[in-house]
Number of protein chains: 2
Amino acid sequence: MKSNFNDKQIQILEVAETLFAEKGFDGTSIRNIAKVAKINIAMVSYYFGSKERLLESLIVYRTSDLKNQLDNLLQEDLEPIEKINKLIELYINRINSNRGIYRILHFEFTSKKREQNLQAFSELKKGNLKSLETIIEEGQKKGIFRKDVIIPLITPTILGTFFHFHMNKPFFENLLNLKTEDLYNNYIKTNLTKHIQQTIKALLIYES
Amino acid sequence: MKSNFNDKQIQILEVAETLFAEKGFDGTSIRNIAKVAKINIAMVSYYFGSKERLLESLIVYRTSDLKNQLDNLLQEDLEPIEKINKLIELYINRINSNRGIYRILHFEFTSKKREQNLQAFSELKKGNLKSLETIIEEGQKKGIFRKDVIIPLITPTILGTFFHFHMNKPFFENLLNLKTEDLYNNYIKTNLTKHIQQTIKALLIYES
DNA sequence: GTTTAAATTAAACACTTGTTTAGTTTTGTT
DNA sequence: AACAAAACTAAACAAGTGTTTAATTTAAAC
């Protein structure tokens, strides 16, 4: 799939991503972006129309291929619990290596200020939920998963756990002695991912 | 415990809380606050020194008594799993009825911009974690809880689930048909809280 | 009732914001 | 080489930013 953005636009988008993620949308100025990207301040308006539309373009640029990845997972020949584990891994991996944009989505598109631009994002979430539902219902049909779980609340547990961990990065770096970026990333890839998988598995299979 | 703020300051703090929560710290101007609170724009500087220090005061104003509530819970005569359930309920209830400030904490104090003001907040979190540890170790000693859970990751699961749900409020309102504020709040108090309790219980007790 | 401190105000300050304009330079096409 | 479209620029724009100032009103103390 070819991108609709040219090199210069992508350059701007990626600088904007970093800065929005670091300092928020309102905390980042166009002059700020222009300086870091080494472009003229007028180029943002020239290429994207406005700062607001730059944000929209950024969302499109970064979230366009998640759906495909999920669809592929669904069609793999795996046990439901394995699919769940892989889905969790996929989510964490993807979000973790695209921290910027997900942080932005998390922050900017949940405030009242930007409720309008919400639609495309909402469609993405609905699609993701559908995929999860398919897997879980498969597990329930096979008698492996319990049937009294509220499926739409599982995503908040998966993503919320990750986000809450990541948003308190300095706290956990200190607490868990994750001195380098590598140690931190490794902790997410192993311990945190495993914790989430363990949690969801316990929730889906446990019988009181 | 008496508050250090006078009526006028509290009035300003509460308006600021609402606006910061709605539009973010950078998205809210002093003139904005002054208009809603019906005060002169100079009063913010007069009473708090600066916009930044207004935010600090707001944190102090809102988080000062959580520690006591947790300490009380610890000393109750309950089974560990009951204490966990109550702790979850306490967290959700408290955060849910102080949404503003927690949203602000969540947003503002996790961005690189405000890393300095982090210390007091970090102490609060450490204290909370200590309380949770105490309860879980008690359960482990009694042979009720499994011992291979990573305790510091449980808080992210509890709070993260709630936050992720709440930050996607419009999405879940639509999905779960929670047309009124009452329905939404009730869903949190019952279904969401139960989901989190069920999840944590499964995680702590489940034996593969 | 006068004095003194606190509370409140309108105006000004210097600075930053997003966007537009009117050019200039670069690039590609014929 | 000549032209046209695209890319790029510096400068200006009006509006908004947080903070300070100097003056005025209100309240408390004596």
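Lettering follows sequence order; numbering is per chain, from 1.
Rounded to whole Å, the distance from CZ on A/Arg53 to P on C/dG18 is 16 Å. Distance, B/Ile41 CD1 to D/dT21 P: 14 Å, rounded to whole Å. As rounded to whole Å, 11 Å separates atom P of C/dT8 from atom CG of B/Asp7. We find that NZ of A/Lys38 is positioned 15 Å from P of D/dC8, with the value rounded to whole Å. Rounded to a whole Å, the NZ atom of A/Lys35 is 14 Å from the P atom of D/dA10. Rounded to an integer number of Å, the gap from CD1 of B/Ile39 to C1' of C/dT8 is 10 Å. For the pair B/Leu19 CG and D/dT17 P, the computed distance is 12 Å after rounding to whole Å. If you take CD1 of A/Ile12 and P of D/dA7, they are 11 Å apart, rounded to a whole angstrom.
Distance alone, capped at 3.5 Å, places no donor-acceptor pair between the B/Glu76 side chain and the B/Leu73 backbone.
Out of D/dT19, C/dT20, C/dT8, the shortest distance to the side chain of B/Lys8 is found at C/dT8. Among the nucleotides D/dC8, C/dT20, D/dT19, the one closest to the side chain of A/Ala42 is C/dT20.
Comment: A/Glu17 does not engage A/Arg99 in a salt bridge, judged by the lack of any side-chain N to carboxylate O separation of less than 4.0 angstrom. A salt bridge is defined here as a Lys NZ or Arg NE, NH1 or NH2 lying under 4.0 Å from an Asp or Glu carboxylate O, and B/Lys126 with B/Glu133 fails to meet this definition. Checked for salt-bridge contact, A/Glu79 and A/Lys86 miss the test: no charged N lies under 4.0 Å from a carboxylate O.
Side-chain to base pairing of B/Arg31 with D/dG18: one donor and one acceptor N or O lie within less than 3.5 Å of each other.
OP1 or OP2 of C/dA7 has not a single side-chain nitrogen or oxygen of B/Asn40 nearer than 4.0 Å. Within the structure, every side-chain polar atom (N or O) of B/Lys51 is placed at least 4.0 Å from both OP1 and OP2 of D/dT17. Checking the phosphate oxygens (OP1, OP2) of C/dT8, no side-chain nitrogen or oxygen of B/Tyr46 falls inside 4.0 Å.
Each of A/Ser29 and A/Gly49 lies near DNA chain C, and the nucleotide nearest A/Ser29 is the one positioned closer to the 5' end.
Within 4.0 Å (heavy atoms only), B/Tyr47 reaches sugar-phosphate atoms of the nucleic acid but no base atom.
If you run side-chain hydrogen bond (donor to acceptor under 3.5 Å, both in side chains) between B/Thr161 and each of A/Thr161, A/Thr157, A/Thr155, only A/Thr157 comes through.
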